[in-house]
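One structure is given here, and the rest of the page talks about it.
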Amino acid sequence: MSEPLAPQYNPSSIESGLYRWWSERGLFSPESHAPGSGEPYVIMMPPPNVTAMLHMGHGLNNTIQDVLIRFERMRGRRALWLPGTDHAGIATQNVVERELAEEGLTRFDLGRDAFVERVWQHVRETGPVILEQLKTIGSSADWSRTYFTLDEGLSRAVREVFVRLYEEGLVYRGHYIISWCPRCLTALSNEEAEKAEVDGKLWHLRYPLADGNGYVTVATTRPETMLGDTAVAVHPDDERYRDLIGSSVRLPVVDRLIPVVADPAVDPSFGSGAVKVTPAHDPADFEIGRRHELPTVDIMTPEARISLAAPPRFQGLDRYEARRRVVAEFETLQLLERVEDHRHAVGHCYRCDTVVEPRLSDQWFVRMEPLARPALEAYRNGTLQFVPERRGDDYVAWLEGIRDWCISRQLWWGHRIPVWYCEAPRCGQTSVSRTDLTSCPGCGGPVRQDEDVLDTWFSSWLVPFSSLGWPDSTPDLSRFYPGHTLVSAPDIIFFWVARMIMSGLHVMGEVPYTRIYLHGVVRDTLHRKMSKSLGNGIDPLEVVERYGADALRYSLVAGMSVGTDVILDPNDLETSFAPGRNFANKLWNAGRFILSNLESPPRPLAGNDPSAVQPDELSLADRWIIARCDATVREATAAYQRFRLNDAAGTIYHFIWSDLADWYIEQVKPRLYGDVQGGDVARAVLAQTFDVALRLLHPIMPFITEALWRRFPGRPAEASISVAPWPKLDARAEAPEALRAFGLVQELVSAVRTIRAEYGVSPGQPVRAVVSEVSPETAAAFEQERATILRLAKLSELSSGETQERIGGHAVLSDGTAVFVPQGEAIDVSRECNRLGGEVDRLLRLVQSQEQKLGNAQFVSRAPSDVVERERQKLTTWKEQWEVLVKKRELLGCS
RNA sequence: GGGCGAAUAGCUCAGCUGGUUCAGAGCGCCUGCCUUACACGCAGGAUGUCGGGGGUUCGAAUCCCUCUUCGCCCACCA
């Protein structure tokens, strides 16, 4: 710890070492510090996919969680941030299938067991990668509790919940139209079929009436489905078609007679008012088909090629090729009435973006309405709070319109559905079981397990309790359920967040968390979501390498306000991340300066210790920085609590850079160098305020704050800032006075500096300053900080009162104090007159508008009296300032 | 089609309960400085019809209406 600190902060030289030190000491475990004390505070990390590589979305999401968990940990809560990885059924299976494809193999070549083994092999390699990456950005999760959604324990939870829901009648097997991905060859839930607007066409097709008297026109966006049409439907009240109801039309191309049925689901105002009915390929048509007992003709294979149910010349064609051929035949038959452009929403597989195909099949579903009701109630009665609030609207809308959840997937990678079918011919019993079955519980005959696996989200929706040991009653479960805050990107509200609430309420009887913080999405400067396919991503690890993890975190946090997106420029890392790096460097150097002046522990700033600094030893500057520090504690703490992390970052940044570094450190230098008295007091104040600043900043920039904090003299070697107590408020009675008084000192110094710059006085050249119209309080402040003023404004002399000199720079401070910096004959008087003239005009305008306002009887009578009083004060101040400058102009002889 | 949000300096964004933060910050830009913590720095400076229009109010960047433009979510008008 005693080696000298380099003048330039080098994050890579300290970050990994500090992280290792934290982990070795187990600081991220809720058991690690102050055992038994503090209420628990629990965040469930959204488990990244096992195959994932860290991207900015992870970076943002995990930085926010880490800030919150570190904040609460320092505030004395028993903080548990529980990490895990998700087996990510479709995604992971796709990755391994792609690997196989490169070897010229498919999963079917390997067979189920060998394929699953192959996926495990892959997952064992890639699984730890993302977690290691999360560590490099400083994530203080409790890695000793890391779970995997396919772990034995979590699998048991999955099975228990499936069986329970089945027993409660909430899990059922059904024959319905579901969204099917023809590339992944599996069913998808409604949420997994993402609607995207596409420019399509609307084909108007003529179906000839069976009696030869004309035709009826139907419109479709998917003409190929006509191969499976089994009816034409019209609205029962539609006059145009009344006579056709009950008759038949001849389905062209297929040459089949199909009935015209009347169904209220048809909208008579759309298109021709007649609609083709394809029960096997459209959910609405399926319902119509049901009501009219229409046959279903499934014309598509799982790969979305035309099946044997269609005429031979179409069989085996891809759906889009079949579409072209069907349209061509209609054209040839002169039955294609017209084609129009039609923009509409089409479902796309959320994993591979393939257009999904509505498909009729047997799947397992969860009945959602009974689960949604309590979840809705928990929001309405205020138990759940969304940040930002408006996200609650989405939640409500989704729950209110909830549809049953298709949970079976035709995949091999995942939790096998715990259902066995008896193969005995006369039994055929379906058994749902917590334990694997080898024979039929009904007849003892042979059984066959359902081939399908469960939706990945069926395991992740249980994580808030399954990761804590449920269904066993473990100490962790009783201690850490329910949790507190859930931090998520908005895109998984329905996949994950809302479903966890439902499972938590249903299984545990309590919501898994009460605050849901939904942050924004990381986008590029064109506001496009960062993605691999667009190639507009920024690699967080590259940022860590070049700027440090703290700079990455700072930029993400500071660039984001509650619920808004984070815009980063992939082509210009400097603009986004240099501020964080610069700030880290500033902090590092302030730390270097302060620590180098603290060879031994400083005197305590307060308390009963006889060596403690007494109040009357504090200078105005000391009292000022202590007051500023206190305000910063107050503001930063409030900001963290309100999830306003950018405010917290900004407040602390300003305190460290503008107050502590720019003013206090500069003020304190002569005292430290022994030129004036009070060095030990300055050291005490520096140590105290810097320590507080480091602790306030630690949640956002954990590495550099730890590195500096550990180096304080007298700090025990094992102490870590990550479990240091959060700074307490320490309000001093004189705070407002100190803020005002030192503020005027700052104004005076700035005024002189401005005049110096205005007149090109070289930096080394001392000048004199004369102040007049000084109130006794201001004079006292200037007197107390005379040395500071002389030094920082580079004055050879500061006097007050009138002077014979007239030529020079003039200014007026906010309290009306006049400042004069004599410039001899060298300067251009007309220029100064001009400058002052501008100021005088500005003030005059202010005064006039203010007089008007106060002259307004309405204002005086209607505005609250304190506001009126404040406005009067303003007028007085501006008038004073104006008068001072007018007098100056007269003295200068301005025209 | 339904719902929600945003528009403030060249860029990215603060501005929370209408009035002492009221027009701000950072980056960028201009000027001068290698001042013994830091040039990833110091000091000083310029830049705005607060998207347009209307309204409420003593008072509007802030509340209401409307228009424009851009997002996001939801949706079985085939």
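This is a predicted model, so every value here is computed, not measured. Within every chain, numbering begins at 1; the chains are lettered A, B, ... in the order of the sequence lines, protein sequences first and strands thereafter.
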Can a side chain N or O of [X] be found less than 4.0 Å away from OP1 or OP2 on [N]?
X: A:Lys669; N: B:U35; value: no
X: A:Arg523; N: B:A6; value: no
X: A:Asn582; N: B:C38; value: no
X: A:Ser762; N: B:G32; value: no
X: A:Trp398; N: B:C4; value: no
X: A:Tyr395; N: B:G3; value: no
X: A:Lys529; N: B:C72; value: no
X: A:Ser576; N: B:C27; value: no

Return the nearest nucleotide to the side chain of [X]; candidates are [options].
X: A:Arg581; options: B:C40, B:A78, B:G26; result: B:C40
X: A:Ser750; options: B:A78, B:G44, B:G32; result: B:G44
X: A:Ala757; options: B:G32, B:G19, B:G44; result: B:G44
X: A:Asp393; options: B:G26, B:C40, B:C4; result: B:C4
X: A:Asp394; options: B:G19, B:C73, B:C42; result: B:C73
X: A:Asn585; options: B:C73, B:C40, B:U20; result: B:C40

On a whole-Å scale, what distance lies between the [atom1] atoms belonging to [N] and [M]?
N: B:G52; M: B:U8; atom1: C1'; value: 15 Å
N: B:C50; M: B:G18; atom1: C1'; value: 15 Å
N: B:C16; M: B:A7; atom1: P; value: 12 Å
N: B:G1; M: B:A75; atom1: C1'; value: 8 Å
N: B:G48; M: B:G5; atom1: C1'; value: 24 Å
N: B:A9; M: B:U49; atom1: C1'; value: 13 Å
N: B:C34; M: B:C42; atom1: C1'; value: 11 Å
N: B:A6; M: B:U62; atom1: P; value: 13 Å

Would one find more than 12 heavy atoms of other residues, nucleotides or ligands at under 6.0 Å from atom CD of A:Glu400?
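Check passes, neighbour count above 12.
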Side chain to side chain contact (heavy atoms under 4.5 Å, CB included) involving A:Lys195 - partner list, sequence neighbours excluded
A:Ala345
Can you confirm whether or not the ring centre of A:Phe386 sits under 6.0 Å from the ring centre of A:Tyr379?
yes
Verify whether the ring centers belonging to A:Phe495 and A:Tyr350 lie closer than 6.0 Å.
yes
Within the structure shown, what part of the strands sits under 4.0 Å from [X] by heavy-atom distance: base, sugar-phosphate, or nothing?
X: A:His342; value: sugar-phosphate
X: A:Asp647; value: base
X: A:Ala857; value: nothing
X: A:Leu568; value: nothing
X: A:Val521; value: nothing
X: A:Asp267; value: base
X: A:Arg403; value: sugar-phosphate
X: A:Trp203; value: nothing
X: A:Glu666; value: base
X: A:Thr564; value: sugar-phosphate
X: A:Ala284; value: base
X: A:Arg390; value: sugar-phosphate
X: A:Ala345; value: base
X: A:Ala578; value: nothing

Between A:Lys874 and A:Ile567, whichever has its closest RNA chain B nucleotide further toward 5' is A:Ile567
Whichever of A:Phe270 and A:Glu197 has its nearest RNA chain B nucleotide further upstream toward 5'
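It is A:Glu197 whose nearest nucleotide is closer to the 5' end.
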Classify the side chain of A:Arg642 and the base of B:C16 as holding, or not holding, a donor-acceptor pair under 3.5 Å.
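Indeed, a donor on one side and an acceptor on the other fall under 3.5 Å apart.
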Ignoring hydrogens and angles, does a donor from either the side chain of A:Lys586 or the base of B:C38 sit under 3.5 Å from an acceptor on the other?
yes
In whole Å, I'd like the distance from the [atom1] atom of [X] to the [atom2] atom of [N].
X: A:Glu758; N: B:A43; atom1: CD; atom2: C1'; result: 13 Å
X: A:His235; N: B:C77; atom1: NE2; atom2: C1'; result: 14 Å
X: A:Ile402; N: B:A75; atom1: CD1; atom2: P; result: 11 Å
X: A:Ile656; N: B:C38; atom1: CD1; atom2: C1'; result: 14 Å
X: A:Tyr653; N: B:G24; atom1: OH; atom2: C1'; result: 14 Å
X: A:Arg222; N: B:C76; atom1: CZ; atom2: P; result: 13 Å
X: A:Glu574; N: B:G26; atom1: CD; atom2: C1'; result: 14 Å

When you measure from the centre of the six-membered ring of A:Phe593, is the NZ or CZ of A:Lys669 under 6.0 Å away and within 45° of the axis?
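Checked: cation-pi criterion met.
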If every non-hydrogen atom of A:Arg222 is compared with every non-hydrogen atom of A:His281, which pair is closest and at what distance?
NH2-O, 2.8 Å
Do you know the tightest heavy-atom contact between A:Lys529 and A:Asn536?
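Looks like O-ND2, 3.2 Å.
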For A:Glu545, give me all partners under side-chain hydrogen bond (donor to acceptor under 3.5 Å, both in side chains), at least two apart in sequence or on another chain.
none
Does a donor on one side chain and an acceptor on the other come within less than 3.5 Å for [X] and [Y]?
X: A:Asp569; Y: A:Thr575; answer: no
X: A:His292; Y: A:Asp263; answer: yes
X: A:Trp203; Y: A:Glu340; answer: no

Can you list the steps and then say if A:Glu747 with A:Ser814 is a side chain to side chain donor-acceptor pair (under 3.5 Å)?
CA-CA 8 Å; A:Glu747 276 189 54; A:Ser814 67; 2.7 Å; yes
Just to be sure I follow the notation: if a pair is Watson-Crick (purine N1 to pyrimidine N3 plus N6-O4 or O6-N4) or a G-U wobble (N1-O2 and O6-N3), each under 3.5 Å, what dot-bracket string does RNA chain B give, with | for pairs to another strand?
(((((((..((((.....[....)))).(((((.......))))).....(((((..]....))))))))))))....
